[in-house]
Amino acid sequence: MNQIALTEFCDRPAWEVAPELVGAALLVEGVGGLVVETEAYEPDDPASHSFGGPTARNAAMFGPPAHAYVYRSYGIHWCFNIVCRRGSAVLVRALEPKWGLEAMMARRGLRDAALLAAGPGRLTQALAITRAHDGMPLAGAAIALDPHPAAQPLATGPRIGISKATERPWRFGLAGSRYLSRPFGRG
DNA sequence: CCTACGATCCCCT
DNA sequence: GGGGATCGTAGGC
């Protein structure tokens, strides 16, 4: 999808975009797969980095839609987000590896496809996403995001690893996929 | 199967 | 100076 069409797709609240991104193709330098798990974060959302307004770290979240927001997590991992309407973003938590399997296996140091990109930190390691990608367009030379309609059973549930606004059911995923960071509960 | 914990940066107060 | 939108490993049941 080109950058203009992708911007239009992303220029909505993250809770609306996040479920529609399940099934999308995500590639970085030709390596990647299909998105199987996402989470939405909003400006009025105490769990969101954008909750307190713009800062140096979250600047990309307040930039144009359809760009990347990449941040350091726990001092060790990178996490990759898709910027939506101003101050909102979708965290991509897991991929079904599909293109460039050997590159991902080499970067992750293992050959089990189910563990290559099952989790936000694992995903960025497999795709070699770092701070250098923060603010980059998602239909550019390095990153290609291609949402497409897919008839699929979606599961929802509470977001993972947060301590505020834990009641918002803003985690979305492909029900029953073996590539999720964690299974979804019943209901 | 599960729970516990250490690693290690950067941003924000 | 505190605290994460996490991961891998160790050890118990």
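Since we're looking at a predicted model, the values are computed, not measured.
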What N/O pairs connect the protein and nucleotides 8-13 of chain C at under 3.5 Å? Give each pair on its own line.
| unit_1 | atom_1 | unit_2 | atom_2 | d |
| --- | --- | --- | --- | --- |
| C:dG8 | OP1 | A:Arg108 | NH1 | 2.8 |
| C:dG8 | OP1 | A:Arg108 | NH2 | 3.1 |
| C:dG8 | OP2 | A:Arg122 | NE | 2.4 |
| C:dG8 | OP2 | A:Arg122 | NH2 | 2.5 |

Round to the nearest Å and state the distance from A:Arg182 atom CZ to C:dC7 atom P. 10 Å
Whether A:Thr124 side chain and A:Trp78 backbone form a donor-acceptor pair below 3.5 Å: yes
Expected output is a numbered-order residue list: members of residues 67-84 of chain A with a heavy atom under 4.0 Å from any atom of DNA chain B. What is it? A:Tyr74, A:Gly75, A:Ile76
What parts of residues 32-52 of chain A reach DNA chain C, counting only heavy atoms under 4.0 Å away? A:Tyr41, A:Ala47, A:His49
Side chains of A:Pro13 and A:Glu42: does their closest heavy-atom pair fall under 4.5 Å? yes
Check the pair A:Leu101 / A:Leu116 against side-chain contact (heavy atoms from CB on, under 4.5 Å), numbers first and verdict last. CA-CA 9 Å; A:Leu101 273 288; A:Leu116 284 182; 4.0 Å; yes
Report the distance from atom CD1 of A:Ile129 to atom P of C:dT6, rounded to the nearest whole Å. 16 Å
When the distance from CG of A:Asp112 to P of C:dC7 is rounded to whole Å, what number comes out? 15 Å
Which residue pairs pass the salt bridge (Lys or Arg N to Asp or Glu O under 4.0 Å) test when at least one of the two sits in residues 14-26 of chain A, sequence neighbours left out? A:Arg12-A:Glu16, A:Arg12-A:Glu20
Residue pairs passing the salt bridge (Lys or Arg N to Asp or Glu O under 4.0 Å) test with at least one member in residues 106-124 of chain A, sequence neighbours excluded, are A:Glu102-A:Arg111
A:His67 side-chain N/O to A:Pro65 backbone N/O, donor-acceptor pair under 3.5 Å: yes
Taking all heavy atoms of A:Cys84 and all of A:Val90, pick out the closest pair and write down the distance. SG-CG2, 3.7 Å
Across all chains, not counting sequence neighbours, the ring pair (Phe, Tyr, Trp, His ring centres under 6.0 Å) partners of A:Tyr71 are A:His49, A:Tyr69
Taking 4.0 Å as the cut-off, does a side-chain nitrogen or oxygen of A:Arg131 come that near to OP1 or OP2 on B:dC11? yes
With sequence neighbours left out, which residue pairs that include part of residues 73-85 of chain A fulfil the salt bridge (Lys or Arg N to Asp or Glu O under 4.0 Å) condition? A:Asp11-A:Arg85
Any residue of residues 159-168 of chain A with a heavy atom less than 4.0 Å from an atom of DNA chain C: A:Ile160, A:Gly161, A:Ile162
Please write out which residues are connected to A:Leu27 in a hydrophobic cluster, directly or through intermediates, given that two of Ile, Leu, Val, Met, Phe, Trp, Tyr count as joined at side-chain heavy-atom separations below 4.5 angstrom. A:Leu34, A:Trp99
Nearest heavy-atom contact between A:Val35 and A:Leu21 is CB-O, 3.4 Å
Residues A:Pro97 and A:Ala113: closest non-hydrogen pair is CG-O, 3.5 Å
Watson-Crick and G-U pairing of DNA chain C, under 3.5 Å, as dot-bracket with | and [ ]: ||||.|||||||.
Selection residues 86-100 of chain A - residue pairs positive for salt bridge (Lys or Arg N to Asp or Glu O under 4.0 Å), sequence neighbours left out: A:Glu37-A:Arg93, A:Glu39-A:Arg93
Per the under-4.0 Å heavy-atom filter, residues of residues 93-106 of chain A near DNA chain C come out as A:Arg93
Can any side-chain N or O of A:Asp45 pair as donor or acceptor with the backbone N or O of A:Ala47 at less than 3.5 Å? yes
To the nearest Å, give me how far apart CG (A:Leu180) and P (C:dC7) are. 13 Å
Correct closest heavy-atom pair for A:Asn58 and A:Ser50 would be ND2-CA, 3.8 Å
Hey, mind stepping through A:Leu26 and A:Ile143 against side-chain contact (heavy atoms from CB on, under 4.5 Å) and telling me if it holds? CA-CA 7 Å; A:Leu26 174 65; A:Ile143 308 177; 4.0 Å; yes
Return the CD1 to CG distance between A:Ile160 and A:Leu180, rounded to the nearest 0.5 Å. 9.0 Å
Of all heavy-atom pairs between A:Tyr179 and A:Ala114, which one has the smallest distance, and what is that distance? CD2-CA, 3.9 Å
